[in-house]
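This report concerns only the one structure given below.
The residues of the chain are indexed from 1 along the displayed sequence.
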Amino acid sequence: MRIRGLGVIEDAVLELAPGLTVVSGETGAGKTMVVTGLGLLFGGRADPGAVRPGVDTASVEGRLRVDPDGPVAQRALEAGAELDEDVLLVARTVSGSGRSRAHLGGRAVPAGTLAELADACVAVHGQSDQTRLRQPARQREALDRYAGAPLAAELADYQAAYDELRSVSTELAALTAAARERAQEADLLRFGLGEIEAADPQAGETTVLQVEEERLGNADGLRAAAWLAHTALLGAGEGATDGTDAVGQVARGRTALEQVGAHDPVLEELVGRLRELGYLLADVGADLASYAAGVDTDPARLAVVQDRRAELTRLARKYADDDAGSTEAGDVAVDQASAVLAWGQRAAARLATLDGADDRIGVLAARRAELTDRLTRAAAALSGARSDAAGRFAAQVGAELVELAMPHASLEVAVTQTPDDDGLDVAGRRLAYHRHGVDDVELLLVPHAGAPARPLQRGASGGELSRVMLAIEVTLAGTDPVPTLVFDEVDAGVGGRAAVEVGRRLAALARTAQVVVVTHLPQVAAFADQHLVVRKADDGVVTRSGVVALDEAGRLRELSRMLAGQEESATAEAHARELLETARAAR
């Protein structure tokens, strides 16, 4: 992490190692700026007062190692960030006017996006800003993690029933609310299907009727034209020989050619074609006579056809697609009868669905009752498991507090329920419920005997609260998904054996998480895997070289300073060496 222009820090780089990293330094050297920088880096409030005087902006840049397939990397990719293998770059700047900018993986993002990542990346326990376990939901999650697999199984069963009940209830409510509309729609569909059944349209019927209407409406003209064509082909009457008809003319031409056709094969072939043409004309003439004789004027049939077409048109306008209701002459692109039949098929299918909705309502109502009963039983079991775990959790945290120089303090875990007349009936009580059960979980601190239990952030001073958080973190060790824990002067007001216990517990946490501690106690610093010291220059500024990772000799000098206020004391150095050996043995 690189910090520039923040408080007393002009430009400093912190290489945070795995395990337990301790940050120490003289009072006012800027140790707490490490915690402030982390807060900014993960979406904390931009305070223009933290910008170093004389500079325009303060900036914090971080290099995070993440699981490329984990939730942090996936959320970053969703925000448009880029990963360099398993490395994610995060940056935040704050101007003296209070304007803030955030970058994630090279992409500008809202500061809120960094805050979302903070939940999965780091938990900061500071003197003035305890960012963890302040919300009831987080406190419930902490208790559930502590309870482990048995409670997780109860919660999974409850949530499965809850999710299905929500889905069933939503569908049931929608079906019930739309019952009147479904009934009205079903009545309209039944009426339409009744009309279609009474009319009994046949596929393709409209086209057939249109052709028939055209023929009946023009019968006289059709008959006259057929007789006229017949006369032109065969003459005025059967056996006529005036020679003006087409058949006679073709016969004369054929006769003339037959007389000389034998002298030329080409002409002989033409004679054959004329002979075929004469036969064809005679056949057409006979057909015309037959057609003309069969065309009758039938006003009664014409009226029937027109009425039928009007009925089909009316049905098509009511039930078929818009282009099926046209009555333009010759418009048979869409057969009205077929279109009406197609609507009838769709209507019948829809009616079956509507009629089945009432059956579906019955099925859903029965399923809802089953799920409500299952959810009630699951809620009771989950609540019981939480209550059992709450006692164990409070007792274990209380034991840790005794070792952390808070012998008279105790933690209470209140598992309560909220009455709700419309809620879930659990053991005869109507309770509000949500996806995580019927329980509200709150961690309460009793700072000393006889004191009332109060919410964590109001029940202790800053240093005490940091120790309470340390006790909780130690109790939750191995169950917490957050990989980095930060404690700012968790040892305030602690000394002697209690300080050693603080260091021991921080070292224990560091076995399963990266732990960063800002401390002034050598007993805590002795347990560090890495010891960073913040040093100011003579002008009071922390520069890039002002944050130093100490080697073994450097640790001895710094512990001596922390013990005696001076680095050259032989007695302090001997004590420092003893502290280091004690810490190594304790680990």
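- Contact of the Leu556 side chain with the Leu580 side chain is registered, since non-hydrogen atoms from C-beta on lie closer than 4.5 Å.
- The CZ atom of Arg392 sits 11.0 Å away from the OG atom of Ser387 when rounded to the nearest 0.5 Å.
- Looking at every heavy atom in both residues, Leu371 comes nearest to Ala161 through CD2-O, 4.4 Å.
- Checked by atom type, the side-chain pair His520/Ser24 shows no donor-acceptor distance below 3.5 Å.
- The pair Asp551-Arg555 does not count as a salt bridge, with every side-chain nitrogen at least 4.0 angstrom from each carboxylate oxygen.
- For the atom pair NE2 (His575) and CE (Met562), the distance works out to 12.0 Å, reported to the nearest 0.5 Å.
- Residues meeting the ring-ring contact (aromatic ring centres under 6.0 Å, His included) test with Phe42, sequence neighbours left out: none.
- Two residues are said to be in side-chain contact when any heavy atoms from C-beta on lie closer than 4.5 Å; Arg386 and Val441 meet this criterion.
- The shortest heavy-atom contact between Asp529 and Pro18 is CB-O, 4.2 Å.
- Taking the side chain as every heavy atom from C-beta outward, Asp439 and Thr416 never approach each other to under 4.5 Å.
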Please tabulate, for the side chains in residues 72-80, all donor-acceptor contacts under 3.5 angstrom to protein atoms that are two or more places apart in sequence or on a different chain.
residue: Gln74; atom: NE2; partner: Pro68; partner atom: O; Å: 3.2
residue: Arg75; atom: NE; partner: Glu116; partner atom: OE1; Å: 2.7
residue: Arg75; atom: NH2; partner: Glu116; partner atom: OE1; Å: 3.0

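- Expressed to the nearest 0.5 Å, how far CG of Leu64 lies from CG of Leu16 amounts to 10.5 Å.
- By the 4.0 Å N-to-carboxylate-O rule, Glu552 lies close enough to Arg584 to be salt-bridged with it.
- Note: Glu558 CD to Leu532 CG = 10.5 Å, rounded to the nearest 0.5 Å.
- Counting only heavy atoms from C-beta outward, the side chains of Thr113 and Leu104 approach each other to under 4.5 Å.
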Handout entry: Residues Tyr433, Val426; criterion side-chain contact (heavy atoms from CB on, under 4.5 Å); working and verdict
Key = CA-CA 10 Å; Tyr433 65 102; Val426 181; over 6 Å; no
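- With hydrogens and angles disregarded, a donor-acceptor distance shorter than 3.5 Å links the side chain of Gln530 to the backbone of Glu15.
- A pairwise comparison of heavy atoms in Leu6 and Ile3 identifies CB-CG2, 3.6 Å as the closest pair.
- Scanning both residues, Ala46 and Leu40, for their nearest heavy atoms gives CA-CD2, 4.0 Å.
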Enumerate, atom names and distances included, each donor-acceptor pair closer than 3.5 Å involving a side-chain atom of residues 152-159, sequence neighbours excluded.
residue: Asp157; atom: OD1; partner: Arg374; partner atom: NH2; Å: 3.3
residue: Tyr158; atom: OH; partner: His434; partner atom: O; Å: 2.6
residue: Gln159; atom: NE2; partner: Arg435; partner atom: O; Å: 3.4
residue: Gln159; atom: NE2; partner: His436; partner atom: ND1; Å: 3.4

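- Ion pairing between Arg577 and Glu581 fails under the 4.0 Å rule for side-chain N and carboxylate O.
- Applying the ring pair (Phe, Tyr, Trp, His ring centres under 6.0 Å) definition to pairs two or more places apart or across chains, none involves residues 51-81.
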Exercise for the section: Go through Thr57 and Val55 one step at a time and tell me if the side-chain contact (heavy atoms from CB on, under 4.5 Å) criterion holds. Expected result: CA-CA 6 Å; Thr57 61; Val55 300; over 6 Å; no
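- Across all their heavy atoms, Pro452 and Pro447 have their closest contact at O-CD, 4.1 Å.
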Problem - CA sep, side-chain torsions, deciding dist, call: Asp440, Gln417, side-chain hydrogen bond (donor to acceptor under 3.5 Å, both in side chains) - result: CA-CA 6 Å; Asp440 299 317; Gln417 297 80 33; over 6 Å; no
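- Under the 4.0 Å criterion applied to side-chain N and carboxylate O atoms, Asp421 and Arg430 are not assigned as salt-bridge partners.
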Exercise for the section: Begin with the C-alpha distance, continue with both residues' side-chain angles, and end with the deciding distance and a verdict on side-chain contact (heavy atoms from CB on, under 4.5 Å) for Leu151 and Leu143. Expected result: CA-CA 10 Å; Leu151 189 141; Leu143 178 60; 5.8 Å; no
Under 3.5 Å, which donor-acceptor pairs do the side chains of residues 397-413 form with other protein atoms, sequence neighbours left out?
residue: Glu400; atom: OE1; partner: Arg505; partner atom: NE; Å: 2.2
residue: Glu400; atom: OE1; partner: Arg505; partner atom: NH2; Å: 3.4
residue: Glu403; atom: OE1; partner: Arg497; partner atom: NH1; Å: 3.0

Practice task
Under the side-chain contact (heavy atoms from CB on, under 4.5 Å) rule, what do Arg535 and Val547 come out as? Steps first, then yes or no, please.
Solution key: CA-CA 6 Å; Arg535 293 172 178 157; Val547 179; over 6 Å; no
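- Looking at Phe527 and Thr582, their side chains never come closer than 4.5 Å, going by heavy atoms from C-beta outward.
- Around the CZ atom of Arg504, the shell of radius 6.0 Å holds more than 12 heavy atoms that belong to other residues, nucleotides or ligands.
- The side-chain heavy atoms of Met1 and Leu38, taken from C-beta on, include a pair separated by under 4.5 Å.
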Exercise for the section: Dump the intermediate steps for side-chain hydrogen bond (donor to acceptor under 3.5 Å, both in side chains) on Arg92 and Ser59, then the final yes or no. Expected result: CA-CA 6 Å; Arg92 182 86 181 278; Ser59 66; over 6 Å; no
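- Within 6.0 Å of CG on Asp67 lie more than 12 heavy atoms contributed by other residues, nucleotides or ligands.
- Taking the side chain as every heavy atom from C-beta outward, Glu141 and Arg145 approach each other to under 4.5 Å.
- Side-chain contact, Gln396 with Tyr146: a donor N or O sits under 3.5 Å from an acceptor N or O.
- At least one side-chain heavy atom of Leu506 sits under 4.5 Å from a side-chain heavy atom of Val502.
- Atom CG of residue Leu563 and atom CD of residue Glu573 lie 11.0 Å apart, to the nearest 0.5 angstrom.
- Remark: side-chain polar atoms of Ser383 are not paired, donor with acceptor, to backbone N or O of Ala379 under 3.5 angstrom.
- Within a 6.0 Å radius of CD in Glu370, other residues, nucleotides and ligands contribute more than 12 heavy atoms.
- Under the rule for a salt bridge (Lys or Arg N to Asp or Glu O under 4.0 Å), Arg140 has no partner lying at least two apart in sequence or in another chain.
- Contact record, Ala414 with Leu444: CB-CD1, 4.0 Å, taken as the closest heavy-atom pair.
- Atom CZ of Arg557 sits about 9.0 Å away from atom OG of Ser560, to the nearest 0.5 Å.
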